[in-house]
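Counting begins at 1 with the first residue of the sequence.
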Amino acid sequence: MPSHIKLIVPAPNNQDIPPPAHVAVIPPPVPETLFEALDRDMHGRMAQATFGIAPSVLAEAWVDWAVHIAASPGKQLSLVQQAMKDTQTFWMSALGLQPTAVPDDRRFASDHWKAWPFNVLAQTYHQNWTLLQNATTGVHGVTPAHENLMAFTAGLLTDAAAPSNFAMTNPDVLAATVKTRGLNMLEGLRNLSHDALHKGDPSTAFKVGRDLAATPGKVVYHNDLMELIQYAPTTAKVRPEPILIVPAWIMKYYILDLSQQNSLVKYLVGQGYTVFMVSWKNPEASDRNRSMEDYRKLGVMDAIDAACAITGAPQVHAMGYCLGGTLLSIAAATMGRDHDDRLATVTLLAAQVDFTEAGPLKLFINEAEVTLIEDMMESQGFLTSDQMAGAFALLHARDLIWAPMIRDYMLGERGDAFDLMFWNADGTRMPSQMHAEYLRKLFLHNDLAEGHYHVGGKAIALTDIKVPLFVVGTEDDHVAPWPSVYKLHLFADTDITFTLTSGGHNAGIVSEPGHQGRHFRTSEAAEGAAFQGPGDWLADTEPQDGSWWPVLTDWLLVRSGKDISPPPMGQPNGRYKAGADAPGAYVMQP
């Protein structure tokens, strides 16, 4: 057993018999003292004010950077030289003595930015951004994680001061003000007032069960954590193996059943598959002690039991999206270890099993950050969607903070409501214990990839997944970067078909046939094939126009049995008796 793993066992009753040398005897937990409770409460309040970001994370990075740049005179001189050159460029451009280079940036894309003095402002902003990036990177001796965080913070502060963010230095806003005689500002104030009064409320243009999550079906099972939806068949014959979809519980399930023209559920049903979907409960304070193991047992395993019992199929095609895919990987590895062969295939959509390259979120995940989040969740029992959204907004401030601010409050416009935007606003909560385990075991310690993740008191390994895998990454994913998703090739000892699709974490998955401008790459690595790095794979795999959905159904088809008549909707009676119509009650919970 590795030296850093400690077994937690009660102290022996017979004190004359010492425990084995490799076992750490852990005394009973000591009740939290008043002083500790005071500290936890203080940390929780601080987290509320900092969007859940630990100030110590930034402080550690800054000290590391400041100490090393202070001892780097060569770096300092190069920055001084760059600043002097930028100053000369500014004055030459401002006086019209040399052409002004407007940066290739969509914030400055209109013709208005080509005119003086706005072209000079845009150029100067870009120079300042570049200078600060150079100042925070390439400093000899700085820890890479600290360097990345300092560069991110410098970019965040520079973007906040961009001339496009202020009405008097944004020529698009000034032009709109002249054209509308100030009505854009009035509309902007109305939009601001509306958003302040209805913060977080999704658009009323859509309704769940009518416009979204509208594929016909029945709730055929439920427990305290999820409802299981079985969708009604639309073909005379179906494949004998049903598809079970495990969505993430960080948002509601119906991203995979959006509008009828882009519903993955409807598409799969139309291709002759019996489809089951897990709809997670939106947890409350009483669910604070729900664990990752609860989600595995009450979610994945209960759903597999139900799907097999209702259809009579010995195996299911399991599909997991995002965090639901990570959970499905844990369940599949456990089933492989325990010789449970009820999985025919596993499909993972934008899901990670290794978290060492988990994108921008890794900038902030360390012991201090996880502890702060735990303290924030302690009083309320969960993490709210607003608290999660604040951190994500900072990570993508250009698109999620500044661009909407300019459009809604300065130009007085409103973007057209669309289904994915409605879903994105329909947030959920995260139980405190589950989220703490997720952050610690997966993000912080990477237990799943390193073989330290335990289920039922025993370790699991991804190499125990022996069924064929269909793995999807998305090109512009900032939540689960595709090279991180691709790393499953290093851990799974089975056939893997990897597909890389255009789009981001959400839009890349919702990529129905006929969607304009979509493309994908796909190839299969047979069991035992030599590993190919993601960069080499990208260079060797030609892009194809269109949607990846038909590739998935073709892949499932050759791994499915002969067509049969559709199974009943649930069972006539008992625990799997069909109940309420889809989408059920849990998805409606605010």
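Residues Leu323 and Ala248 share a closest heavy-atom pair of N-CB, 3.8 Å. Gly270 and Thr235 get closest at one heavy-atom pair: O-CG2, 3.6 Å. Closest approach of Ala351 and Gly325 over heavy atoms only: CB-CA, 3.7 Å. Closest approach of Thr522 to Thr499, counting heavy atoms only: OG1-OG1, 2.9 Å. In terms of heavy-atom proximity, Pro240 sits nearest to Ile564 at CA-CD1, 3.7 Å. Shortest non-hydrogen contact noted between Phe206 and Arg210 is C-NH2, 4.1 Å.
Inter-residue side-chain proximity for Trp423 and Phe418 is flagged as unmet; no heavy-atom pair is nearer than 4.5 Å. His435 has its side chain within reach of Met377: a pair of non-hydrogen atoms, C-beta onward, lies under 4.5 Å apart. A 4.5 Å side-chain heavy-atom check between Met277 and Tyr254 finds every atom pair outside the cut-off. Side-chain contact check for Pro583 versus Val208: some heavy-atom pair is nearer than 4.5 Å. Using a 4.5 Å heavy-atom cutoff, the side chains of Thr347 and Leu469 are not in contact. Side-chain contact check for Phe491 versus Asp354: some heavy-atom pair is nearer than 4.5 Å. Gln352 places none of its side-chain heavy atoms less than 4.5 Å from the side chain of Leu488. Taking 4.5 Å as the limit, some side-chain heavy atom of Ile304 sits within range of a side-chain heavy atom of Leu343.
The number of heavy-atom neighbours closer than 6.0 Å to NE2 of His505, taken from other residues, nucleotides and ligands shown, is above 12.
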Assess whether side-chain contact (heavy atoms from CB on, under 4.5 Å) is satisfied between Thr274 and Gln230, documenting all intermediate values. CA-CA 8 Å; Thr274 300; Gln230 179 184 355; 4.1 Å; yes

Candidate pair Gln532 and Asp540, rule side chain to side chain donor-acceptor pair (under 3.5 Å), full reasoning: CA-CA 10 Å; Gln532 185 179 31; Asp540 293 344; 2.6 Å; yes

Might you work through the side chain to side chain donor-acceptor pair (under 3.5 Å) test for Ser560 and His317, ending with a clear yes or no? CA-CA 9 Å; Ser560 301; His317 296 300; 2.9 Å; yes

Passes side-chain contact (heavy atoms from CB on, under 4.5 Å), Met301 versus Asp340? Steps please. CA-CA 11 Å; Met301 301 314 298; Asp340 184 342; 4.1 Å; yes

Step by step, work out the salt bridge (Lys or Arg N to Asp or Glu O under 4.0 Å) result for Lys252 and Asp426. CA-CA 7 Å; Lys252 294 184 178 178; Asp426 194 9; 3.2 Å; yes

Using side-chain contact (heavy atoms from CB on, under 4.5 Å), reason through Val472 and Leu552 one step at a time and then give a plain yes or no. CA-CA 10 Å; Val472 180; Leu552 170 63; over 6 Å; no

Take Ile460 and Leu448 through the side-chain contact (heavy atoms from CB on, under 4.5 Å) test and state the conclusion after the steps. CA-CA 8 Å; Ile460 61 171; Leu448 180 58; 4.0 Å; yes

Check the pair His454 / Glu293 against side chain to side chain donor-acceptor pair (under 3.5 Å), numbers first and verdict last. CA-CA 10 Å; His454 286 65; Glu293 179 64 1; over 6 Å; no

Audit row: Thr371, Glu367, side chain to side chain donor-acceptor pair (under 3.5 Å) steps and yes/no: CA-CA 6 Å; Thr371 300; Glu367 181 64 36; 3.2 Å; yes

If you apply the rule salt bridge (Lys or Arg N to Asp or Glu O under 4.0 Å), what do you find for Arg559 with Glu241, and how did you get there? CA-CA 9 Å; Arg559 292 162 178 82; Glu241 300 85 1; over 6 Å; no

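Annotation: the span from Phe382 atom CZ to Ser286 atom OG amounts to 9.5 Å, rounded to 0.5 Å. Between the OG atom in Ser523 and the CZ atom in Phe498 there is a gap of 8.5 Å [rounded to 0.5 Å]. Once rounded to the nearest 0.5 Å, the distance linking OG of Ser291 with CD of Glu437 reads 5.0 Å. Distance check: Leu439 CG to Leu442 CG gives 8.5 Å after rounding to the nearest 0.5 Å. Expressed to the nearest 0.5 Å, how far CD1 of Ile255 lies from CG of Asn506 amounts to 4.0 Å. For the atom pair Glu512 CD and Gln260 CD, the distance stands at 12.0 Å (nearest 0.5 Å).
Ring centers of His478 and His396: under 6.0 Å apart, within the cut-off.
Side-chain atoms of Ser547 come within 3.5 Å of backbone atoms of Ser511 as a donor-acceptor pair (strictly under, hydrogens ignored). Panel note: side chain Asp581, backbone Lys218; no donor-acceptor pair is recorded below 3.5 Å. Under the 3.5 Å distance criterion, the side-chain polar atoms of Arg518 are left unmatched by any main-chain donor or acceptor of Trp548. Under the 3.5 Å distance criterion, the side-chain polar atoms of Trp537 are left unmatched by any main-chain donor or acceptor of Tyr486. With hydrogens and angles disregarded, no donor-acceptor distance shorter than 3.5 Å links the side chain of Asp257 to the backbone of Ser263. Of the possible donor and acceptor atoms, none in the side chain of Ser259 sits under 3.5 Å from a partner among the backbone N and O of Gln261. No donor-acceptor distance shorter than 3.5 angstrom exists from the side chain of Arg296 to the backbone of Leu327, with no hydrogens or angles considered. Although no hydrogens or angles enter the test, the distance criterion places a donor-acceptor pair under 3.5 Å between the side chain of Lys466 and the main chain of Thr463. With hydrogens and angles ignored, the 3.5 Å screen pairs no side-chain donor or acceptor of Thr497 with any backbone N or O of Glu524. Panel note: side chain Thr428, backbone Trp249; a donor-acceptor pair is recorded below 3.5 Å.
The pair Glu284-Arg290 fails the salt-bridge criterion, with no side-chain N (NZ, NE, NH1 or NH2) lying under 4.0 Å from an Asp/Glu carboxylate O. Between Arg429 and Asp287 there is no salt bridge, since none of the side-chain N atoms of the basic residue sits less than 4.0 Å from a carboxylate O of the acidic one. Residues Glu357 and Lys487 are paired through a salt bridge, judged by an N-O separation under 4.0 Å between the basic side chain and the carboxylate. Under 4.0 Å is where a charged nitrogen must lie from a carboxylate oxygen, and between Asp563 and Arg239 at least one such pair does.
Scored by the ring pair (Phe, Tyr, Trp, His ring centres under 6.0 Å) test, Phe470 finds Trp555 as partners (sequence neighbours excluded).
Applying ring pair (Phe, Tyr, Trp, His ring centres under 6.0 Å) to Tyr221 and the options Tyr586, Phe276, Tyr576 leaves one that passes, Tyr576. Partner Trp280 forms a ring pair (Phe, Tyr, Trp, His ring centres under 6.0 Å) with one of Tyr253, Tyr295, Tyr321 and no other, that one being Tyr295.
Seen from the ring of Phe443, Lys362 does not count as a face-on cation partner, given the 6.0 Å and 45° thresholds.
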